[in-house]
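Atoms within a ligand are numbered from 1 in the order they appear, just like the ligands themselves.
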Amino acid sequence: MAEQNKVAQPRIVLGITGSVAAYKAAELARLWVKAGITVDVVMTAAACRFIAPLTLQALSGRPVWTEMWQGAQDGIQHVALSRGAQAIVVAPATADFLARTAQGRADDVLSTLCLARECPMFVAPAMNVQMWTHPATQRNVARLRTDGVNVLGPNAGELACGEIGEGRMLPPEEIVAAVSAHFAEDTAVGKMLAGRRVMLTAGPTFEAIDPVRGLTNRSSGKMGFALARAAAQAGAEVTLIAGPVALPTPSGVTRIDVVNAQEMADAVFAHVARVDIFIGVAAVADYAPAAPAEQKIKKETSETLTLTLRPTIDILAELAQRAPQVFRVGFAAETQNFAQDIATLGEAKRQRKNLPLLIVNRAQDAINADDNEVILLDDNGAHPLPRMDKSLLARRLIKEIAQRLRQKN
Ligand code: C5P
């Protein structure tokens, strides 16, 4: 294995659940063992029908865990398996396993271990395309992500059932690389923001037209929430000012919920004096109805309806005036096709809002997606980053921000 694929700590718990892709877990175990990593394998009953525990025992050179009470007579607790481990990686992860983990079940050795863990967790889903795209699975995956679980893949391609679509487990080499990348990023981020206060805005704003209608932007809030979590993990005291989104608050983060641009601006200005870093990730409406109707506007089919809009306050631009000492980071979603155009538009926006750092992406790629590809714009030019999962990208961006803040001071 290449040097960059080596992870810092020596032990990984590999969970295997009941999917045809279970045979690939053998290769995964082999790659880690070859890289000098100790692998403790835990298999569900269904996994044991696809691949023999003996295979994994031979490859890992260690006992394989298949039963809840295994080792109990020797005083070995299964929960102790994850203590001191660098990560639990469940590959393949079935739809059923994702559902049970999202619920916090602990009815077999692997689910109990996952619930009792202190270490990071990764899942590499593998299933039929209909099972993967089913709203229930997608709901469970979203829940797991917000609980801090790292979801690797799946890929699209030909599936074991003969159908074609998303649901193929990532190849073992890619899982090894993704886990290593995660730890490389974590080591780099460390507690880079210890003692720092960070404020972020996230999600859309909603500007009332009348009591039941409004203007808003398409924004899931995922990137802003991932950044808030990453900033907290990097040791910062984090305040997250969130527009209307249905996302749980990351642990250790103070959240203030707002609805419209004016409320978001008021919340920011009320708290900004205490802050070192401001990251404006929210998709703030640029215009709001000048005079929202007090009663629901009735439909007059023969008439066109004209709304008069007034510009909202530009929070970031205003902060440059009110709190120039704060390290201000903007996000911009552009709809152009070429990285060159996006960077040019972004740079003009960065100048206009007087920002040391602007992070720009293509709106079509970023909205609602779980991954993102961005370009960083600062006084030294444009720095593109490769496409990556939003939680990994969040940690990378926190590192970039922390480094720039350090240089500035
Ligand atoms: O909408 P625009 O592309 O100008 O947004 C770029 C950045 O400006 C984002 O970081 C957004 O949060 C911020 N913004 C703001 N107040 C506004 C509009 C945008 O702080 N009214």
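- At least one N or O atom of G280, backbone or side chain, sits closer than 3.5 Å to an N or O atom of ligand 1.
- In plain terms, the two heavy atoms of Q138 and W132 that are nearest each other are NE2-O, 2.5 Å.
- In summary, of the residues considered (N380, D379, I375), a side-chain contact (heavy atoms from CB on, under 4.5 Å) with L377 occurs for I375 alone.
- Regarding atom 13 (C) of ligand 1, its nearest protein heavy-atom neighbour is L316 CD1, 3.6 Å.
- Considering both main-chain and side-chain atoms, K349 comes within under 3.5 Å of ligand 1 through a nitrogen or oxygen pair.
- I315 N, 3.0 Å is the protein heavy atom nearest to atom 16 (N) of ligand 1.
- For ligand 1, the atoms closer than 4.0 angstrom to any heavy atom of D286 are 1 (O), 18 (C).
- Proximity of a side-chain donor or acceptor of R310 to a complementary backbone N or O of A291 within less than 3.5 Å is not detected.
- At least one N/O-N/O distance between F331 and ligand 1 falls below 3.5 Å.
- Only backbone heavy atoms of I313 (N, CA, C or O) come within less than 4.0 Å of ligand 1; its side chain stays farther off.
- Relative orientation of the H182 and F122 rings is perpendicular, given thresholds of 30° and 60° on the angle between their planes.
- Using a 4.0 Å cut-off between heavy atoms, T312 contacts ligand 1 through its side chain alone, with no backbone atom that close.
- For the residue pair S391 / D389, a side-chain donor-acceptor distance below 3.5 Å is found, with atom types taken as modelled.
- At least one N or O atom of A282, backbone or side chain, sits closer than 3.5 Å to an N or O atom of ligand 1.
- Of the polar atoms of G330, none of the N or O atoms is found under 3.5 Å from an N or O of ligand 1, judged by distance alone.
- When each of L227, L385, L393, L397 is tested with I359 by the rule side-chain contact (heavy atoms from CB on, under 4.5 Å), just one qualifies, namely L397.
- Atom 8 (O) of ligand 1 has as its closest protein heavy atom K353 NZ, 2.8 Å.
- In summary, the side chains of E347 and Q351 do present a donor paired with an acceptor at a separation below 3.5 Å, with no hydrogens or angles considered.
- Side-chain atoms of N140 and R100 form no donor-acceptor pair, as typed in the model, at a separation below 3.5 Å.
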